[in-house]
Asker: 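The structure follows.
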Number of protein chains: 4
Amino acid sequence: MEDVAPTKREQQKEERRKQILAAALKVFTEKGFHAANVSDVAAAAGVSQGTIYWYFDSKEDLFQAAILSAFEELGQETMGTVLMQATAREKLWGLVRGMEGLAGQMGGLFMLFLGYWASSPDRAKAGQWWPNLLVEYKDVVAGIIEEGVKTGECRPVDAESLAWSLLATYNGLAAYAALLPDLDLVRISRAFSETLIKDLEVDA
Amino acid sequence: MEDVAPTKREQQKEERRKQILAAALKVFTEKGFHAANVSDVAAAAGVSQGTIYWYFDSKEDLFQAAILSAFEELGQETMGTVLMQATAREKLWGLVRGMEGLAGQMGGLFMLFLGYWASSPDRAKAGQWWPNLLVEYKDVVAGIIEEGVKTGECRPVDAESLAWSLLATYNGLAAYAALLPDLDLVRISRAFSETLIKDLEVDA
Amino acid sequence: MEDVAPTKREQQKEERRKQILAAALKVFTEKGFHAANVSDVAAAAGVSQGTIYWYFDSKEDLFQAAILSAFEELGQETMGTVLMQATAREKLWGLVRGMEGLAGQMGGLFMLFLGYWASSPDRAKAGQWWPNLLVEYKDVVAGIIEEGVKTGECRPVDAESLAWSLLATYNGLAAYAALLPDLDLVRISRAFSETLIKDLEVDA
Amino acid sequence: MEDVAPTKREQQKEERRKQILAAALKVFTEKGFHAANVSDVAAAAGVSQGTIYWYFDSKEDLFQAAILSAFEELGQETMGTVLMQATAREKLWGLVRGMEGLAGQMGGLFMLFLGYWASSPDRAKAGQWWPNLLVEYKDVVAGIIEEGVKTGECRPVDAESLAWSLLATYNGLAAYAALLPDLDLVRISRAFSETLIKDLEVDA
DNA sequence: CATGAATGAGCGTTCATTCAT
DNA sequence: TATGAATGAACGCTCATTCAT
């Protein structure tokens, strides 16, 4: 049988995978990597433990797959919207507003990853995929800033460094928000962005 | 004769405690909370496992004590230096320079804490001590900014929010530095601070 | 087809459970609750330690299940036989003869329980199941005596109190038998019962 | 120095021993042998753990010493009073009344011993001293009954067996009392003794 | 494909005992 | 004598992973 279109079997399998992935994300987010058990995930997904191991090689594999799939859904969407803006200035503000809204979920993912990574026996190997994602996003942000510089919308700055700073700030704030639920993220973000980005912009 | 000065016994005990604390910090930093075993710490300290429990109630207790003692050594010193500056402007720059230098170590501690916290069975209760530290530091930074506003060194701003942002940025950068060893922290910090703080300052 | 009868899987599981229970009873009886290890039970049952925890929640749970299952096997049978007798007098004698024969095994169980209970951190809560059993048996015995009183076979007595005494005597003797293997239980029981029960009976 | 009278040093030592013994009895009675720690005893006695080991070889040694000293104080006294009675009949009733009153404390000791013995790795060796005590007491009780038989106060019976039964009953009741705090020991004892002992007595 | 029973290495913690001071 | 710090073997229990069915 050489049909290219996915068979019913394959579709079912894919669905199962997604179902497990969703359960895994939920459980891992709630409990963190180490406190979450494979059996928790299995229960949440409504399958047996054994089934998990049919679709994923290990708890780590499952974790990575879950976090990556969530990240893609979240980030791509925002970035897509941002990049559709006409001017660099609009893109920048869109980015900041986007991160502001995403901080909760994105930060959750970041914390989730950190909790995993920070207790990895071999950090050098563990979770190289997340830094790669970071660099990707940094490049996008840096690109926007550079575009602004080129078009004269922004003062000439070290775009790369500022991109890192911007991501770092929102990641840090997301962590704080998780730690201190009363934190007013929007207020802080507004104060920060108005100070930082306004300064980037050349005086009209 | 009631000697107020610590006896030799007590001095030895204190030394032992510090010795264990140092070993714990080393091991926890290397492996993270969950991957590190109490027996690792005991071995690193050159004592038996039982001895650990003579000085500390639990692995968690040991962890907290290790992080806090390291934190105090690191932070207090910097903050002390910073607060000795004459003007708010000098304090702010001092702060940023200090965090720049500390980011590596401080960030390691932050990651360490997150790795612990993120997988805590009850996050609401676990590790409340770290958020408390955050708030403390935030207050100091906010105080500096407010002082600057009062003395006319800075534009009128939401000091609290900017303080949070500043801490978040350096925490985030510290995390990135741990994840991406090649990151040029100093360059990023300079670009960031020059943009952000310069904007705070009223034009001379 | 919804089979009501247990599947092969379920049968196997039940067998495994019994196998573990039997091993647990053996090991606990030999060593007592505190001196016996879960690994001992596992070894005796020919399974791994982990398997024990698949079937039972804890060492305590296993202990309780083992004692209760043994108790039921032992006691119910005797009680059944006893209650089938026609007259109260016959029932009483049957009971005493039954306890006489059971004392060795029953007493072993009682000792086993005491060894567990006596060192329980919270005696008020621990092992409430055993007292419940006691009360159950006391009620049966008291019922027999009362029946005898009603039918005129026995003198009017405090049935409840005598029932407690009867159980206490045989429990005590069982303990002694465990402590002093040379004790002639049958002889003691005969002397005791002939004195006590004969007195209960109204002179023909 | 060959003084026969205890030196002050020796007196102090003896006092310390008693102080520890008292603390040990209290702690062991409260928690049972296995749940009680040597450090608990040390704390209750107001000495360090090390000191315990100066006076006693091991936890077991301490336990045995504590239980024996308590037993002697309790039992000898009652037995003394009992044996001072003029007639066997009076002695028997005195014994029963004494055991009735002692059941609480004596039973506590018996339970304490059982809890220890039942979980002894090697029961054959452990705690041979208690059975010896039992036999001693049994002999006293049997002696009283025999005396009654000789003087014609009692019917001719198997004194030995009845002595065992009597002890067993009160030991059993004591255990029940510990297990079921609401049990009315006095009422049960009265009902029991009036039935059993009255039967022993020859009709006046 | 899916199940769930079975595994066993590994962990944090306790505590009787020892020993330098 | 007395202290209390130090030891280390031992325990109950967990959980990622495997495998017969």
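Keep in mind that what you see is a predicted model, and the values were worked out from it rather than measured. Here is the naming used below: chain letters follow the sequence lines, and residue numbers restart at 1 for every chain.
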Asker: Both distances below 3.5 Å, Watson-Crick or wobble geometry, any strand: find the nucleotide opposite dC15(E).
Answerer: dG8(F)

Asker: Rounding to an integer number of Å, can you tell me how far Asp61(A) CG sits from dA16(F) P?
Answerer: 14 Å

Asker: Please check the phosphate of dC1(E) (OP1 and OP2 only) for any side-chain N or O of Trp54(A) closer than 4.0 Å.
Answerer: no

Asker: Counting heavy atoms from C-beta on, name the nucleotide in dT1(F), dT13(E), dA16(E) closest to the side chain of Gln49(D).
Answerer: dA16(E)

Asker: Check the distance between dG10(E)'s P and Lys31(B)'s NZ and give it to me in whole angstrom.
Answerer: 12 Å

Asker: Looking at the side chain of Val38(A), which of dA2(E), dT17(F), dT1(F) is the nearest nucleotide?
Answerer: dT17(F)

Asker: Report the nucleotide, chosen from dT17(F), dT17(E), dT7(F), that has the shortest atom-to-atom distance to any side-chain atom of Tyr53(D).
Answerer: dT17(E)

Asker: Output the rounded distance in Å from CZ (Phe63(D)) to C1' (dA16(E)).
Answerer: 16 Å

Asker: Using atom NE2 of His34(B) as one end and atom C1' of dG10(E) as the other, report the distance to the nearest whole Å.
Answerer: 15 Å

Asker: Please tell me which of Gly50(A) and Lys13(A) maps to the more 5' nucleotide of DNA chain E, matching each residue to the nucleotide holding its nearest heavy atom.
Answerer: Lys13(A)

Asker: What are the two closest heavy atoms between Ala36(C) and Lys59(C), and how far apart are they?
Answerer: O-NZ, 2.9 Å

Asker: For the residue pair His34(D) and His34(C), categorise the inter-ring angle as parallel (less than 30°), tilted (30 to 60°) or perpendicular (more than 60°).
Answerer: parallel

Asker: For the side chain of Ser48(C), counting heavy atoms from C-beta on, which of dG4(F), dT7(E), dA16(F) is nearest?
Answerer: dT7(E)

Asker: Should dA20(F) form a Watson-Crick or G-U wobble pair with both distances under 3.5 Å, which nucleotide is its partner?
Answerer: dT3(E)

Asker: Mark yes when over 12 heavy atoms from residues, nucleotides or ligands other than Gln128(D) sit less than 6.0 Å from its CD; otherwise mark no.
Answerer: yes

Asker: In whole Å, what is the span from the CD1 atom of Ile20(B) to the C1' atom of dA6(F)?
Answerer: 10 Å

Asker: Taking for each residue the nucleotide of DNA chain E with the nearest heavy atom, is it Val47(A) or Val47(C) whose nucleotide lies nearer the 5' end?
Answerer: Val47(A)

Asker: Could you tell me how far dT21(F) sits from dC1(E) if I compare only their C1' atoms? Round to whole Å.
Answerer: 13 Å

Asker: Can you check the Glu60(B) CD to dG12(E) P distance for me, whole Å?
Answerer: 11 Å

Asker: Rounding to an integer number of Å, can you tell me how far Phe56(C) CZ sits from dT14(F) P?
Answerer: 15 Å

Asker: Should Arg17(B) be listed as having a side-chain N or O under 4.0 Å from OP1 or OP2 of dA5(F)?
Answerer: no

Asker: Would you call the rings of Trp130(B) and Phe113(B) parallel, tilted or perpendicular, taking 30° and 60° as the class edges?
Answerer: parallel

Asker: Taking the side chain as every heavy atom from C-beta outward, state whether Phe56(A) and Phe63(A) have any pair of such atoms under 4.5 Å apart.
Answerer: no

Asker: Under 4.0 Å: is that the gap between some side-chain N or O of Lys59(A) and OP1 or OP2 of dT17(F)?
Answerer: no

Asker: So, does Thr51(B) get its side chain near the phosphate of dA6(F), meaning an N or O under 4.0 Å from OP1 or OP2?
Answerer: no

Asker: Between Asp40(C) and Asn37(A), name the one whose nearest nucleotide on DNA chain F is closer to the 5' end.
Answerer: Asp40(C)

Asker: Do the side-chain N or O atoms of Arg16(A) get closer than 4.0 angstrom to the phosphate oxygens (OP1, OP2) of dC1(E)?
Answerer: no

Asker: So what does Ala36(B) hit on the nucleic acid, given a heavy-atom distance under 4.0 Å: a base, only sugar-phosphate, or nothing?
Answerer: sugar-phosphate

Asker: Without decimals, in angstroms, what is the distance between Ile52(D) CD1 and dA2(F) P?
Answerer: 11 Å

Asker: Is Tyr55(A) touching bases, backbone alone, or none of the nucleic acid, heavy atoms closer than 4.0 Å?
Answerer: sugar-phosphate

Asker: Choose from dC13(F), dC15(F), dT7(F) the nucleotide whose nearest atom is closest to any side-chain atom of Ser58(C).
Answerer: dC13(F)

Asker: Under 30°, 30 to 60°, or over 60°: which ring-plane class applies to Tyr116(B) and Phe33(B), parallel, tilted or perpendicular?
Answerer: perpendicular

